[in-house]
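Have a look at the structure below before the remarks.
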Amino acid sequence: MFKKILIANRGEIALRIIRTCREMGIKTVAVYSTADSESLHVKFADEAVCIGRPASAESYLNIPNIMAAIEITNADAVHPGYGFLAENAKFAQICNDSKIKFIGPTAEMINKMGDKITAKETMIKAGVPVIPGGEKLLSSLDEAKGLAKEIGYPVILKATAGGGGKGMRIVWDESELEKAYDTAKMEAAASFKNDGLYMEKYIEEPRHIEIQVAGDQYGNFCHMSERDCSIQRRHQKLVEESPSPFITDELRTAMGEAAKKAAAAIGYESVGTIEFLVDKHRNFYFMEMNTRIQVEHCVTEEVINFDLIKEQIKIAAGEKISGRDYVPEMHAIECRINAEDPYNDFRPSPGKITNLHVPGGHGVRVDSHVYAGYTIPPYYDSMIGKLIAVARTRKEAIDTMYRALSEYVIEGIKTTIPFHLQLMQNDDFINGNFNTKFLETFQLK
């Protein structure tokens, strides 16, 4: 087992990894920017190294500085968390070349799933259902027009190196295609320095359902059931839950088997997530694979009583996975608590937290790195915590979540708590009648 793990991340996920490492008897090293010197992950790690100025490019994305921190602390492994360098194949390869264990898949595995066209080709060969559309990048507007006619409108243009909704456009008929094609290309180039686009059939009324998977170096794979991530705003998740109120036992089995096929197709080693779109007829299609731990991993942990971070570390250390598939034993809902003003188009709200009361009680979990007196820096993602409610039924989980949100006090900044409180009382949400477009018509009172 590893003696010391450097955590190449910040905030709540860094603190989450520190907690599991401490339980496993593993020393930890926190890295931090000058803006994060007072963050809890810095205070709770065994060692801490400043790696640069506030801008991510000068700190959390600065590979030479992180490698230097690994060297001076004699860490023998690095955990990338999520975001930043978590799916950076170059960083994974540098760690491997330096005899430092990257707690995650190999650079080759990351590359195979990182490019969406390559990933789709791999899934087709593996027999995993994919969304109808081009299996290659579009070379011209004329080619886009021909493919759109072939698969039928509506279609969606996507950046091959995309994420977070960047370089993505829905096209309802041919009259909209040229403008959508040009703007998506420009946005992709600006966001990812890669203007490559591909086209798929646009799935109407979709659910965003993901399957947690794990694989080891011995060729064993298992799935850990699903998470419903359909409550989104501009392709950013706000609420996740397991089990999905839309998924049947038969569909869960089918999607779980498809997810294992997807992982096996690249010989995946680590914990990862296969993301699917599921249409209103319960047909499911591969969307992408996240070759890292997810923000919403806590939901799965709560419904199957399983530490996914510990599993990641054990797999990286060469241990076998259990090999069995898991199904939810409880119901869990997670609300992302963001420093954003929901009454002002979710504008970011960095600043000092003047007062904080964190909810507790039966069935409540809070993963957060903030405290009273802490100043949220403006340089990073606005998520400051995750509130998870767990119960035996979905109704009980919603009731617990509403109660917990009602006693969650964060003063000095704006947060998404008012949004979540109203969502938990919305009849359509309570009845499970929602898809990825739900928030487009949701009215905040």
Side-chain angles (χ1 to χ4, degrees), residues 82 86-87 104-106 108-133 135 158 160 162-163 200 203 206-216 219-230 232 235 237 240-244 246-279 282-301 303-304 306 308 311-312 315 321-328 436:
Y82 53 71
E87 293 178 289
T106 64
E108 182 183 9
M109 295 169 194
I110 294 171
N111 278 328
K112 283 182 178 179
M113 290 292 106
D115 182 274
K116 291 179 172 60
I117 291 295
T118 303
K120 190 171 183 179
E121 291 173 348
T122 303
M123 294 304 102
I124 290 171
K125 290 178 183 176
V128 177
V130 300
I131 298 170
E135 278 72 59
K158 293 183 178 180
T160 188
E200 292 178 336
I203 307 299
R207 294 269 186 153
H208 183 146
I209 309 290
E210 58 192 29
I211 304 289
Q212 182 76 60
V213 295
D216 61 29
N220 302 310
F221 303 94
C222 72
H223 77 78
M224 298 169 174
S225 198
E226 86 278 6
R227 296 185 290 258
D228 194 321
C229 307
S230 301
Q232 304 177 4
H235 304 284
K237 302 166 185 173
E240 301 96 351
E241 67 177 297
S242 180
S244 167
F246 186 71
I247 298 300
T248 64
D249 291 342
E250 293 77 17
L251 185 55
R252 178 178 297 112
T253 298
M255 292 180 72
E257 290 302 314
K260 288 194 294 181
K261 280 185 183 179
I266 61 167
Y268 191 71
E269 296 175 20
S270 192
V271 166
T273 303
I274 312 297
E275 303 205 352
F276 295 97
L277 280 182
V278 184
D279 69 20
R282 292 188 171 86
N283 299 306
F284 64 92
Y285 307 96
F286 171 83
M287 186 165 54
E288 64 181 349
M289 181 177 190
N290 288 307
T291 53
R292 54 172 168 80
I293 197 71
Q294 296 271 97
V295 173
E296 59 272 22
H297 74 276
C298 324
V299 172
T300 297
E301 290 185 328
V303 297
I304 65 172
F306 196 99
L308 287 170
E311 186 77 344
Q312 268 191 306
I315 291 169
I321 64 169
S322 68
R324 75 178 181 91
D325 298 331
Y326 294 79
V327 296
T436 58

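Note that the coordinates shown come from a computational prediction; the quantities given were computed from them, not determined experimentally.
- Between the side chains of Glu226 and Ser244, no donor N or O sits under 3.5 Å from an acceptor N or O.
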Apply side-chain contact (heavy atoms from CB on, under 4.5 Å) to Asn283 and Phe276, showing your working.
CA-CA 10 Å; Asn283 299 306; Phe276 295 97; over 6 Å; no
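- Checked by atom type and distance alone, the side chain of Asn220 never pairs as donor or acceptor with a backbone atom of Ile321 at under 3.5 Å.
- Residues Phe306 and Tyr326 place their aromatic rings such that the two centres sit under 6.0 Å apart.
- No side-chain heavy atom of Tyr268 sits under 4.5 Å from any side-chain heavy atom of Met113.
- Although no hydrogens or angles enter the test, the distance criterion places a donor-acceptor pair under 3.5 Å between the side chain of Thr253 and the main chain of Asp249.
- Glu87 places a side-chain N or O within donor-acceptor distance of the main-chain N or O of Thr291, the cut-off being under 3.5 Å.
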Any chance you could lay out the side-chain contact (heavy atoms from CB on, under 4.5 Å) test for Ser225 and Arg252, step after step, and finish with the verdict?
CA-CA 7 Å; Ser225 198; Arg252 178 178 297 112; 3.5 Å; yes
Evaluate salt bridge (charged side-chain N to carboxylate O under 4.0 Å, His left out) for Lys112 paired with Glu108, printing each intermediate quantity in order.
CA-CA 6 Å; Lys112 283 182 178 179; Glu108 182 183 9; 3.6 Å; yes
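- In this structure, Arg282 forms no cation-pi arrangement with Phe284, as its terminal cationic atom is not both closer than 6.0 Å to the ring centre and no more than 45° off the ring axis.
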Go through the steps to decide whether Glu121 and Ile117 satisfy the test side-chain contact (heavy atoms from CB on, under 4.5 Å), and finish with yes or no.
CA-CA 6 Å; Glu121 291 173 348; Ile117 291 295; 3.9 Å; yes
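- The side chain to side chain contact (heavy atoms under 4.5 Å, CB included) test applied to Glu275 returns His208, Glu210, Lys237, Thr273, Met287, Glu288, Asn290, Gln294, not counting sequence neighbours.
- In this structure, a donor-acceptor pair under 3.5 Å is present between the side chains of Arg227 and Thr300.
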Walk me through it: do Asp325 and Glu257 pass the test side-chain contact (heavy atoms from CB on, under 4.5 Å)?
CA-CA 9 Å; Asp325 298 331; Glu257 290 302 314; 3.8 Å; yes
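- For Asp279 and Arg207, the salt-bridge test fails: no basic side-chain N is under 4.0 Å from an acidic carboxylate O.
- Residues Val213 and Met224 form no side-chain contact, since every pair of their non-hydrogen atoms from C-beta on lies 4.5 Å or further apart.
- For the pair Lys120 (side chain) and Ile131 (backbone), a donor-acceptor distance under 3.5 Å is present.
- Two residues are said to be in side-chain contact when any heavy atoms from C-beta on lie closer than 4.5 Å; Pro132 and Tyr285 meet this criterion.
- Distance OG/Ser242 to CD1/Ile304: 8.5 Å, rounded to 0.5 Å.
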